[in-house]
Every structure is written in structure tokens, then in C-alpha cells.
**Q** 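First, the structure itself, so that you have it in front of you.
Note that the structure is a prediction, hence the values are computed from the model and not measured. In what follows, chains are A, B, ... by sequence order, proteins preceding strands, each numbered from 1. Computation of the quantities below employed the complete heavy-atom set of this structure, encompassing side-chain atoms and omitting hydrogens, waters and symmetry-equivalent molecules.
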There are 2 protein chains.
Amino acid sequence: MSITSTPPVVPQRAAPQLTRAHEPLGCRAHEVLARVGDKWSVYIIHVLGEAGTLRFGELKRCVEGISQRMLTVTLRSLERDGLVSRAMYPEMPPRVEYALTPLAMTLRGIVGQLVEWSQANLPAIDGARARYDAQVPGWAPAED
Amino acid sequence: MSITSTPPVVPQRAAPQLTRAHEPLGCRAHEVLARVGDKWSVYIIHVLGEAGTLRFGELKRCVEGISQRMLTVTLRSLERDGLVSRAMYPEMPPRVEYALTPLAMTLRGIVGQLVEWSQANLPAIDGARARYDAQVPGWAPAED
DNA sequence: CAGCATCCTACCAGATACTG
DNA sequence: CAGTATCTGGTAGGATGCTG
């Protein structure tokens, strides 16, 4: 379990000041991370955070690339987790508006940083990929 | 757990103007988000960030729940993106050590905030789920 | 317009076995 | 120990067609 019981065989190199390896992560936090670490969730939270309130179709247009099904599914999931609120107006034609909940609002900052980081470091990552693909023999550059 | 590399203060970008016209994220950022928004990537980056340097087996124990295959695959992917460095020592038995690259180091702060947020808001999310599951008729509470 | 239901496919990801 | 290779079931997720 704890790697602090280091076998004497392993040479301690470069004096790791961070010996405390097994931070338990609180077990279930992993679960939440999986939610946030969903392909579309972060995207949707970001878009909704920027736009404030959007209807289904608008959202779909903003998140372009997402299928109608995945948008529905993801929104349901986010709604269930209390991150997105859903307001339905039974008019004709129907109108449904989505927005972030206060809970999700506290995520906005982090998500924003994530997006900024992504945009800022895209070139670096592209470079790393190119370098890796070049030096690794039989690696098919299949987008990941 | 302390995220020492980054001040906990979230630089809220000023003026979240609620305009409906939303610029599409530069949209390759989405690609990077998908990488970060991978189930295991954040976890591994976090663990590696805390531990500094870990061998394959140590990592596997730390990220408990991950299969050997997924650890290999995810590490490869992270390595390809220049987020994780891999040092192999062709001894017997073999030893391979993983660590974050400087690039990934700049992600540590954000990932740390994400983890903290997850842990802090787990109860809220649990509550929201319970509430949702209770009020929605035929919803099978199948964990997601 | 906003969705649900259905079908169908591809890939994700675990288990197992084998190698250097 | 640190992988690779292979098989396989589960599910993510797209396409389509239909309702209120």
C-alpha cells in the first residue's frame, strides 16, 4: 500500500523530497473527477459559464461537434449532479433553457484556467506529439 | 494536501459578459481538454505531482483502481503529449521511472484545484444526485 | 424546437498469458 | 519488474425516425 516502505534494493536517487506518494485522494473524489473528466462536461460548463443561459439548440451550436444525443445525455448527467439547471417553458414551440447552478459557478474559475492552459499550451503539446511520433518506430499517429 | 506551486486564489477573468454570441473555443483546445478530461490522466498527473517520481508498480498502487493496461496506455499517451517523462534503466529487474515534465508542472496548480474542488463538493453532488434520483420517476440509479 | 427510443458500431478497458 | 499481445464484453456514442 504505502510505498514509503521502500525495499533496500532500490537506490534512492536524487533525494525525492516528496516521499508521500500514496495520497488516498479520498477515494470518491476520483468519481467526481471522472464526471468533470468527461469529454463534454468541461466544454459545456465552460460554454454555459460564458453565455449564462442557453437553449438546447443554441448550446448544440456552441458545442459544435457534439451529437444531439450526447448533449441530451450529458446535460441530464450534469443536471443530476446539480451542476446545470433546466428550465422548461411548455409553450409552442417548446423552449428549454439551461444554465449553471451556483455549485457549478464555483467551478468556473478552474474550468476557465483549464481552457486557457489548453489554448496556451496547444503548440507545446503539438510539438511533443510530433517529436514523439517521429522518434517512435511503429507508431501510427492516430489522433488521440 | 497542499498545492504549493500555485496560489489558491483563482484569477477570475473579469466581466463574464453573458453574451449569447460565443466564440468557439479555438476548438483545438477542445482536443487538449479531451486529453486532460480523460478519466485517468488527471489522476495520474495529480499523483505524480505529489510524489515527484514513481516507478510503474508504485504508480499502479497509487492510482489504485486502474488496470495495468490502462496505466500503460495512459502513460504512453501522456508521454507523447510531453506531460510525463519516462526514464528506463535496463537493469535486472528492469526499472522505469515516471515523472512530470516542466510542461505538466504548470498544470499542477489547476489539477490540484480540481481535486480540492472534487473533494470539497462531493457531498453537494451526492445530495443533488439523491434528490434527482428521488424526484425522477423511472430513473435507475446506475452509477455512472 | 426539444427531446426520446431504437438500432448499430467502434472503441474502451479488464482479464489473462507471455517476454526481456 | 515492466511491460506487450490477444481475446472479449460493455458501453460510449452516432444515425435515424417519431412525438409534444
Side-chain angles (χ1 to χ4, degrees), chain A residues 3 5-11 13 21 30-31 34-35 37-44 48 53-80 84-99 136-144, chain B residues 20 30 34-35 37-41 43-44 48 53-80 84-99 136-140 142-144:
Chain A
I3 71 159
S5 57
T6 312
V9 185
V10 179
R13 59 181 288 275
H30 180 204
E31 197 177 306
R35 143 85 39 264
D38 167 65
K39 184 177 176 183
W40 298 111
S41 294
V42 205
Y43 205 133
I44 290 179
L48 274 181
T53 296
L54 289 178
R55 302 179 53 171
F56 188 87
E58 293 172 330
L59 205 38
K60 184 165 188 307
R61 250 166 275 130
C62 285
V63 185
E64 198 164 7
I66 197 173
S67 68
Q68 182 246 34
R69 190 179 114 88
M70 281 323 292
L71 182 55
T72 301
V73 169
T74 307
L75 281 175
R76 280 280 178 282
S77 195
L78 288 171
E79 189 194 354
R80 177 166 106 104
V84 157
S85 65
R86 179 176 184 272
M88 185 166 82
Y89 305 88
E91 315 164 344
M92 204 51 184
R95 189 171 96 243
V96 180
E97 293 188 337
Y98 294 91
V136 174
W139 181 279
E143 260 322 295
D144 165 39
Chain B
R20 296 175 105 77
H30 180 205
R35 139 85 37 262
D38 167 64
K39 182 177 176 182
W40 298 112
S41 295
Y43 205 134
I44 290 179
L48 234 32
T53 296
L54 287 179
R55 302 178 55 170
F56 188 86
E58 294 173 330
L59 206 37
K60 182 164 189 308
R61 269 181 299 268
C62 287
V63 184
E64 197 165 8
I66 196 172
S67 68
Q68 184 244 34
R69 183 182 184 277
M70 281 323 292
L71 182 55
T72 302
V73 169
T74 307
L75 280 174
R76 280 279 180 284
S77 197
L78 288 172
E79 188 195 354
R80 176 172 182 253
V84 157
S85 67
R86 179 176 184 273
M88 183 167 84
Y89 304 88
E91 314 163 345
M92 203 52 184
R95 190 171 98 245
V96 180
E97 294 187 337
Y98 294 91
V136 174
W139 180 279
E143 272 311 306
D144 77 306

**Q** DNA chain D: Trp40(A) or Gly57(B), which has the more 5' nearest nucleotide?
**A**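 Looking at DNA chain D, the more 5' nearest nucleotide goes with Gly57(B).
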**Q** OP1 or OP2 of dG3(C) versus the side-chain N and O atoms of Tyr98(A): is any pair under 4.0 Å?
**A**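 For Tyr98(A), the contact criterion (side-chain N or O under 4.0 Å from OP1 or OP2 of dG3(C)) is met.
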**Q** Is any side-chain heavy atom of Leu48(B) closer than 4.5 Å to a side-chain heavy atom of Tyr98(B)?
**A**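 A side-chain contact under 4.5 Å exists here.
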**Q** Using a 4.5 Å cut-off on heavy atoms from C-beta on, say whether the side chain of Glu97(A) contacts that of Tyr89(A).
**A**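 Heavy-atom side-chain distance check passes, below 4.5 Å.
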**Q** Can you list the steps and then say if Val73(B) with Trp40(B) is a side chain to side chain contact (heavy atoms under 4.5 Å, CB included)?
**A** CA-CA 10 Å; Val73(B) 169; Trp40(B) 298 112; over 6 Å; no
**Q** Taking C-beta and beyond as the side chain, do Arg76(A) and Arg86(A) meet within less than 4.5 Å on heavy atoms?
**A**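 In contact.
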**Q** Between P on dG10(D) and CE on Met70(B), what's the gap in Å once rounded to a whole number?
**A**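 Distance, rounded to whole Å: 18 Å.
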**Q** Between Ile66(A) (CD1) and dG14(D) (P), how many Å, whole number?
**A**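 Interatomic distance, CD1 of Ile66(A) to P of dG14(D): 8 Å.
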**Q** For the pair made of OH in Tyr89(A) and P in dG20(D), what is the distance, rounded to whole Å?
**A**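 Nearest whole value for this atom pair: 23 Å.
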**Q** Would you say Thr74(B)'s side chain and Met70(B)'s backbone share a donor-acceptor pair under 3.5 angstrom?
**A**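 Side chain of Thr74(B) to backbone of Met70(B), a donor-acceptor pair under 3.5 Å: yes, one is there.
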**Q** Can you check side chain to side chain contact (heavy atoms under 4.5 Å, CB included) on Phe56(B) and Leu75(B), steps first, answer last?
**A** CA-CA 9 Å; Phe56(B) 188 86; Leu75(B) 280 174; 4.1 Å; yes
**Q** From CD of Glu91(B) over to P of dG3(D), roughly how many Å is that when rounded to an integer?
**A**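 So the two atoms are 13 Å apart, to the nearest Å.
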**Q** Rounding to a whole Å, what distance do you find between Met88(B):CE and dT4(D):C1'?
**A**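 Going from CE in Met88(B) over to C1' in dT4(D) covers 13 Å.
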**Q** Within the sub-3.5 Å range, which N or O atoms of nucleotides 5-11 of chain C have a protein N or O partner, and how far apart are they?
**A**
none

**Q** Taking 4.0 Å as the cut-off, does a side-chain nitrogen or oxygen of Arg76(A) come that near to OP1 or OP2 on dC4(C)?
**A**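 Yes, within the criterion.
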**Q** Taking Thr72(A) for the side chain and Gln68(A) for the main chain, is one N or O donor matched with an acceptor at less than 3.5 Å?
**A**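 Indeed, once roles are kept as given, a pair shorter than 3.5 Å links the two residues.
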**Q** Charged N to carboxylate O below 4.0 Å: is that the case for Arg55(A) and Glu58(A)?
**A**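 No, no charged N to carboxylate O under 4.0 Å.
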**Q** Can you measure Leu59(A) atom CG to dA2(C) atom P for me and round it to whole angstrom units?
**A**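 Taking atom P of dA2(C) as the reference, CG of Leu59(A) is at 10 Å.
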**Q** Describe, as an angle rounded to 10 degrees, how the axis at the first end of the helix from dC1(C)-dG20(D) to dG20(C)-dC1(D) is tilted relative to the axis at the last end, five pairs per end.
**A**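 Helix axis angle between the two ends: 50°.
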**Q** Check the distance between dG13(D)'s C1' and Ile44(A)'s CD1 and give it to me in whole angstrom.
**A**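 Atom-to-atom, Ile44(A) to dG13(D), this comes out as 14 Å.
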**Q** Return no unless some side-chain N or O of Arg55(A) is found under 4.0 Å from OP1 or OP2 of dA2(C).
**A**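 Checking dA2(C) against Arg55(A), a side-chain N or O does come within under 4.0 Å of OP1 or OP2.
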**Q** Closest to the Pro94(A) side chain: dG3(C), dG14(C), dC1(C)?
**A**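 Of the candidates, dC1(C) comes closest.
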**Q** What pair of heavy atoms forms the shortest contact from Met88(B) to Val96(B), and how long is it?
**A**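 Heavy atoms of Met88(B) and Val96(B) come nearest at CG-CG2, 3.8 Å.
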**Q** Measure from CE on Met92(B) to C1' on dC1(D) and round the result to the nearest Å.
**A**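 About 8 Å, once rounded to whole Å.
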